[in-house]
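Please read the structure below before turning to the comments.
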Number of protein chains: 2
Amino acid sequence: MKNKQVSLAEVARAAGVSKMTASRVLRDEGGFSEKTRTKVMAEVDRLGYLPNRLATVFAGDQKTTFVGVSIPELGNEIFAQVLEGIDRKLVAFGHQSVLGLTEHALENEEKWIETVLSWQPAGLIVTGRSHTPRAVQMLRNSGLPVVELWDFNSAPLDMCVGLNHFDSGYSMGRYLATNGYRKFAYIGTSHHSANAASSRLAGYTKAIEDAGGTLIKQLQLRDAPGFYPGYYGTEQLLASGEEAEVIFYQNDNMAVGGYEYCKKKGLSVPDDIGIAGWGDLPIASIQPYRLTSISVPHLKIGQQAAELMLSRIAGQPMVSTKDVGFRLIPGTTVQKAP
Amino acid sequence: MKNKQVSLAEVARAAGVSKMTASRVLRDEGGFSEKTRTKVMAEVDRLGYLPNRLATVFAGDQKTTFVGVSIPELGNEIFAQVLEGIDRKLVAFGHQSVLGLTEHALENEEKWIETVLSWQPAGLIVTGRSHTPRAVQMLRNSGLPVVELWDFNSAPLDMCVGLNHFDSGYSMGRYLATNGYRKFAYIGTSHHSANAASSRLAGYTKAIEDAGGTLIKQLQLRDAPGFYPGYYGTEQLLASGEEAEVIFYQNDNMAVGGYEYCKKKGLSVPDDIGIAGWGDLPIASIQPYRLTSISVPHLKIGQQAAELMLSRIAGQPMVSTKDVGFRLIPGTTVQKAP
DNA sequence: TTGAAAGCGATACCAC
DNA sequence: GTGGTATCGCTTTCAA
């Protein structure tokens with residue numbers, strides 16, 4: 001058998017007091033003498049006692065300090081940053097994140113929700129607005145605080161922080177059309193289910209339609225949305241013979257990859273081809289050009305999601321939806337209207 | 001009070017059987033009739049019963065399925081990838097990661113360890129080989145599997161997966177010296193405590209000494225090791241008037257930032273100045289040049305850490321230290337020996 | 001200021 | 001096949 005852990009009862013016995021007294025001392029609840037406190041704490045140190053919080057939660061019929069946080073992947077730096085924002089905030093208030101990587105699959109999310117709920121978390125933060133019916137039901141039944149982030153949703157399960165991805169794609173499409181482009185392309189990565197990137201593409205497509213342009217090609221790579229997929233995706237697109245005038249990428253990293261491929265092929269940006277990204281990611285900050293993109297407050301999303309969660313846990317009244325918005329960055333990688 | 005959760009007892013009562021029978025059905029333990037099974041499962045579905053695993057662990061004096069995973073930060077994409085590698089593997093075997101972001105501070109790690117241990121995890125995976133004395137003691141006393149990753153350590157607390165960062169820095173220093181460089185610089189970010197990057201710098205410094213060269217300047221920025229800090233760090237370095245012939249950066253992202261700054265200033269790489277990175281990160285794959293760097297198997301580190309953890313949890317015998325090694329990439333951003 | 005007893009939700013163990 | 005009872009480590013409640 002394992003190192004049997006030191007229990008409160010042993011500490012109490014060693015200190016010559018009852019379990020209850022030891023318990024009170026440890027929680028600093030008051031109702032004990034200084035002498036007792038000293039004795040108990042001495043034994044705690046001597047025995048290396050660590051409380052079993054499972055028992056605490058169990059006895060008090062409380063929740064744990066865990067907050068389940070599910071995001072699609074960490075290969076995408078935006079999500080990594082969102083997670084970091086969330087965790088820092090949660091930790092500052094005594095909570096811990098239990099990670100769930102869904103890989104963009106709703107079934108994975110459902111499975112994860114079931115598991116996490118069985119551990120009595122204080123709440124759940126999930127990415128996206130679509131979930132399986134069973135996931136929705138479990139979330140509802142739990143009665144726990146739930147924050148849906150990333151994709152803004154005016155009628156969330158419980159709370160929501162994000163932005164309207166459709167609108168952001170639409171804005172980009174309209175901006176490009178306004179600048180005279182007629183033949184559009186899109187390069188992104190594929191997913192098992194509809195997600196925020198799909199919404200962006202839908203908005204982009206709609207804007208193109210509304211402006212009377214044509215989306216001549218859209219590429220959905222089976223890969224993570226990184227630098228290299230942007231590079232070889234562009235290679236594929238250009239090799240396909242379609243004559244796109246401008247390419248909108250799923251994010252800035254892909255766009256920078258595409259830019260480098262164009263440069264390598266001797267194409268001039270924006271004279272020969274226009275390039276637009278999404279997210280205003282760090283890589284954009286060191287380029288000699290200013291990438292046309294959509295700026296999004298990633299860190300804020302994570303922070304605010306955590307804040308909503310914490311105030312709900314604390315039982316405070318509060319607004320339950322936050323649209324953090326986005327901002328179009330004109331940049332120098334697309335042509336300006338004459 | 002909250003939505004009181006449905007308990008096993010209620011399911012049993014509704015199904016007209018005892019708790020024990022319901023429990024056996026749910027665990028598919030055998031020893032019940034098909035008719036009983038059907039009745040119980042029907043009630044489980046109808047009532048939306050979710051087990052309280054806290055009680056299970058508690059009753060069986062087991063551990064939870066949680067594995068604590070602590071890493072310095074997620075802003076650094078290497079660590080994000082390591083975490084992703086770990087979590088995917090753990091999830092496949094029914095475990096969940098409880099995140100700990102230490103921000104490179106040992107005190108944060110210690111605090112996190114204490115908290116996580118109180119939740120009876122199945123094991124802990126931590127980054128780095130140095131911990132506070134109390135952290136070491138808690139880890140030891142827990143009797144739990146512990147994997148220390150990133151920095152290889154032939155005498156770990158328990159298990160270890162990583163590489164020798166000192167040696168990797170030394171290799172780079174020696175390589176550069178061999179290629180004729182005499183005046184070296186380093187740009188990285190500062191931390192509260194010694195870590196892997198410090199070891200790299202120490203190895204680099206030693207190699208320079210051994211080769212009779214000079215480390216004329218080292219910059220430790222108070223920032224995350226990303227593109228832009230590489231850019232402005234290089235600006236600072238060059239503005240300082242020191243005439244470095246080659247700059248070694250904490251990682252590739254910083255190096256690419258530095259490269260862009262040099263280009264902007266009209267400096268030619270490697271003719272005017274040499275540039276070397278570390279990590280062989282994704283950004284390097286799309287550049288028109290091949291960045292001189294050190295290639296490290298990030299994903300493998302995460303995976304192997306999780307594998308060691310899982311086999312220890314399963315009680316299998318196993319080697320407990322793994323040196324995953326590194327590989328120097330000569331690249332085109334430093335001058336070759338004549 | 002202290003302590004004894006009940007109980008949280010599940011499982012282990014032993015009767016039936 | 002099935003069910004009663006003790007039990008895990010701690011807190012709640014009530015009494016002293």
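Heavy atoms only: backbone and side chains are in, while hydrogens, waters and symmetry mates are out.
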Let's test your reading of the model: under 3.5 Å, does the base of dG9(C) pair with the side chain of Arg53(B) as donor and acceptor? no
Quick one: does Arg37(B) reach the base of dG1(D) with a side-chain donor-acceptor pair under 3.5 Å?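 Check fails, no donor-acceptor contact within cut-off.
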Determine: side-chain N/O of [X] to OP1/OP2 of [N], distance under 4.0 Å, yes or no.
X: Thr56(A); N: dC10(D); result: no
X: Ser7(B); N: dG9(C); result: no
X: Thr21(B); N: dT2(D); result: no
X: Thr36(B); N: dT2(D); result: yes
X: Tyr49(B); N: dG9(C); result: no
X: Arg27(A); N: dT11(D); result: yes

Specify the separation, in whole Å, of atom [atom1] of [X] and atom [atom2] of [N].
X: Asn52(B); N: dG7(C); atom1: CG; atom2: P; value: 18 Å
X: Lys19(A); N: dA4(C); atom1: NZ; atom2: C1'; value: 10 Å
X: Met20(B); N: dA10(C); atom1: CE; atom2: C1'; value: 9 Å

Kindly give the heavy-atom pair with the smallest separation between Val57(B) and Lys63(B), and that separation in Å.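 Nearest pair, atom of Val57(B) first, then Lys63(B): CG2-O, 3.6 Å.
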What nucleotide among dG4(D), dG1(D), dT11(D) has an atom nearest to a side-chain atom of Leu8(A)?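 Nucleotide nearest to Leu8(A)'s side chain: dT11(D).
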Using a 4.0 Å heavy-atom cut-off, does Val57(A) contact any base of the nucleic acid, only the sugar-phosphate backbone, or nothing at all? nothing
Please work out if Phe58(A) contacts a base, only the sugar-phosphate, or nothing of the nucleic acid, heavy-atom cut-off 4.0 Å. base
